[in-house]
Amino acid sequence: MTFIRTIKGTQDILPGQSHRWQALETTIRNIMDRYGYKEIRTPVFERTELFARGIGEETDIVSKEMYSWTDQGGENLTLKPELTAPVVRSFIQHNLGGQSPINKLYYIDALFRRERPQKGRYRQFHQFGIEAFGSEHPEIDAEVIALAMALFSNIGLTGLTLKLNSIGSPECRRNYRNAIRDFLTPHFDELSETSRNRFEKNPLRILDTKIPHEIEILNDGPNVSDSWTEEDKTHFNEVCALLDAMGIQYELALRLVRGLDYYTRTTFEITSTALGAQDAICGGGRYDGLVETLGGKPTPGIGFAAGMERILLALGEESSSSSTNQVYIVGLGDAVRPTVLELAENLRRNNVATEFDTLRRSMKAQMREANKAGVKYAILIGDQELASGQAEVKDLSTGDQQKIALDALVAHINSLPF
RNA sequence: GUGGGUGUAGCUCAGCUGGUUAGAGCACCUGGUUGUGGCCCAGGAGGCCGUGGGUUCAAGUCCCAUCACUCACCCCA
């Protein structure tokens with residue numbers, strides 16, 4: 001009989017950790033609100049075809065990482081491996097573009113990819129992100145990036161690097177693809193097997209290589225910037241100028257090609273020095289053709305996705321306690337139980353976080369528990385208190401104790417400093 | 001899918017070149033005289049030493065296999 005544990009690459013968020021997630025989520029929602037982004041929630045699964053068309057058949061995500069199945073009705077379904085395609089689908093389906101020329105959306109959600117887990121990579125993981133539809137202008141690029149940076153600094157992440165690039169318009173990409181092929185043809189024999197495969201399917205991705213020899217070859221190769229159209233160039237320069245104006249530091253990364261097919265022009269990535277090999281905390285870019293690809297009216301869009309597990313990893317373990325209890329009621333003897341419950345309920349109804357013993361433990365054990373729970377006050381009720389109608393209220397930090405009439409307890413507790 | 005590392009108490013780990021009832025710290029529980037927490041002291045509970053085989057008089061320790069976890073490659077958040 002073997003115990004059934006979590007699926008590889010998934011994890012429980014235990015009570016001692018959940019407050020960290022809550023804090024992160026709260027910050028995200030606050031910042032989103034401040035920047036005018038509204039939450040959108042989409043189903044955990046979608047038609048497989050949505051991802052195949054949206055992300056690209058040749059991408060790793062679609063070709064080998066999706067959790068897909070055929071349901072009893074014969075439909076091909078998939079647990080969402082990323083959120084841009086579902087959000088775009090929703091945007092089109094509900095004609096959000098028709099209701100407002102600009103739509104700024106955000107999400108916090110769980111995603112699924114069947115990869116080999118490692119530090120900062122899980123099969124079920126969480127991302128928050130934004131998608132802004134409707135503007136083709138650099139201002140929105142700059143706002144999206146600024147929001148990401150503001151959010152990270154707000155939660156106290158340091159050691160971040162913003163890497164910025166533009167992979168240009170579709171024409172530019174086409175030209176650049178050819179330029180890369182032309183440049184690499186004489187070096188073809190020196191390339192690795194994966195790079196040779198990419199040579200045909202997606203030569204831009206060869207730029208992602210980490211093999212020193214290939215990096216060396218590429219150093220003399222053409223840059224994307226050589227293939228930019230005038231408009232691409234202007235757009236990129238304006239994005240840079242706006243970031244400069246906001247005092248946001250960035251690094252030009254002309255080799256930065258994101259793995260998803262839908263990107264156009266601006267792409268960016270934010271990495272952290274606090275992580276392992278998987279150091280990208282946030283990645284995003286512009287996808288001006290995607291809405292149309294998925295069957296909507298041509299609509300420019302830009303967004304990013306940030307990995308929450310990686311953020312929490314980079315933040316490290318803080319020693320902040322998650323205790324919220326304020327009062328612990330110590331009851332002594334069988335006779336006081338109804339009074340303890342009544343009192344606890346009254347306090348709780350008056351917004352006082354209250355705890356009491358449900359194990360019928362000794363007074364000493366209850367006091368120890370109160371101490372461990374980190375409450376400020378303990379209320380002691382035994383037979384004597386019941387008889388006199390006065391409970392003992394003890395300040396656990398000072399040890400001071402005073403008698404308070406039972407019917408005045410709630411008011412008294414509310415008047416105390418916490 | 002490929003490679004490396006690690007599996008001993010709830011957690012972090014000791015256990016030397018194979019040798020008798022497998023240890024520590026933290027956490028947990030109970031006490032330290034009647035109904036008062038923390039600190040201290042005493043005691044207690046908790047281990048198929050991942051699993052299966054093998055070598056040996058003898059295996060937590062050596063060998064093989066297997067599983068799990070983990071890190072890395074690929075790629076990505």
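These numbers come from a predicted model, not from an experiment. Within every chain, numbering begins at 1; the chains are lettered A, B, ... in the order of the sequence lines, protein sequences first and strands thereafter.
Contact annotation for A:Glu309: no contact, since no heavy-atom pair falls under 4.0 Å across all strands. Residue contacts for A:Ala305: at a heavy-atom cut-off of 4.0 Å it reaches the sugar-phosphate backbone alone, with no base atom in range. Residue-level contact check: A:Lys372 touches the backbone only, with heavy atoms under 4.0 Å from sugar-phosphate atoms and none from bases. When heavy atoms are screened at a 4.0 angstrom cut-off, A:Tyr122 is found touching base atoms of the nucleic acid. If you check every strand for non-hydrogen atoms under 4.0 Å, A:Arg368 touches sugar and phosphate atoms only. Here A:Glu82 lies out of heavy-atom contact (under 4.0 Å) with every strand. Residue contacts for A:Gly276: at a heavy-atom cut-off of 4.0 Å it reaches the sugar-phosphate backbone alone, with no base atom in range. Within 4.0 Å (heavy atoms only), A:Gly129 reaches no atom of the nucleic acid at all. In this structure, A:Lys119 reaches the sugar-phosphate backbone alone: every heavy-atom distance under 4.0 Å involves primed, P, OP1 or OP2 atoms, never a base. The residue A:Gln11 sits apart from the nucleic acid: no heavy atom pair falls under 4.0 Å.
A gap of 23 Å separates the C1' atoms of B:C48 and B:G44, to the nearest Å. Taking atom P on both nucleotides, B:U8 is separated from B:G47 by 15 Å, rounded to a whole Å. Distance check on atom P: B:A42 versus B:U33 gives 16 Å, rounded to whole Å. Between the P atoms of B:A9 and B:U66, the separation comes to 24 Å (whole Å). Taking the P atom of each, B:C29 and B:C39 are spaced 13 Å apart, rounded to whole Å. Distance check on atom P: B:G19 versus B:U61 gives 10 Å, rounded to whole Å.
A salt bridge does not link A:Asp400 with A:Lys394: none of the charged nitrogens is closer than 4.0 Å to a carboxylate oxygen.
The shortest distance between the side-chain N/O atoms of A:Gln118 and the OP1/OP2 oxygens of B:C73 is below 4.0 Å. A sub-4.0 Å separation between OP1 or OP2 of B:G1 and a side-chain N or O of A:Lys64 is absent.
Contact detail for A:Glu82 and A:Leu111: the closest heavy-atom pair is CA-CD1, 3.7 Å.
Listed nucleotides B:G38, B:A77, B:G35 differ in distance to A:Leu332; the shortest reach to its side chain belongs to B:G35.
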Exercise. Would A:Tyr106 and A:Tyr37 satisfy ring pair (Phe, Tyr, Trp, His ring centres under 6.0 Å), going step by step from the backbone distance to the final call?
Worked result: CA-CA 6 Å; A:Tyr106 82 92; A:Tyr37 285 73; 7.8 Å; no

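Between A:Phe236 and A:Trp228, the angle of the ring planes lies from 30° to 60°, which puts this pair in the tilted group.
No hydrogens or angles considered: a donor-acceptor pair under 3.5 Å links the side chains of A:Asp141 and A:Thr266.
Taking atom CZ on A:Arg5 and atom C1' on B:U70, their separation rounds to 12 Å, with Å as the unit.
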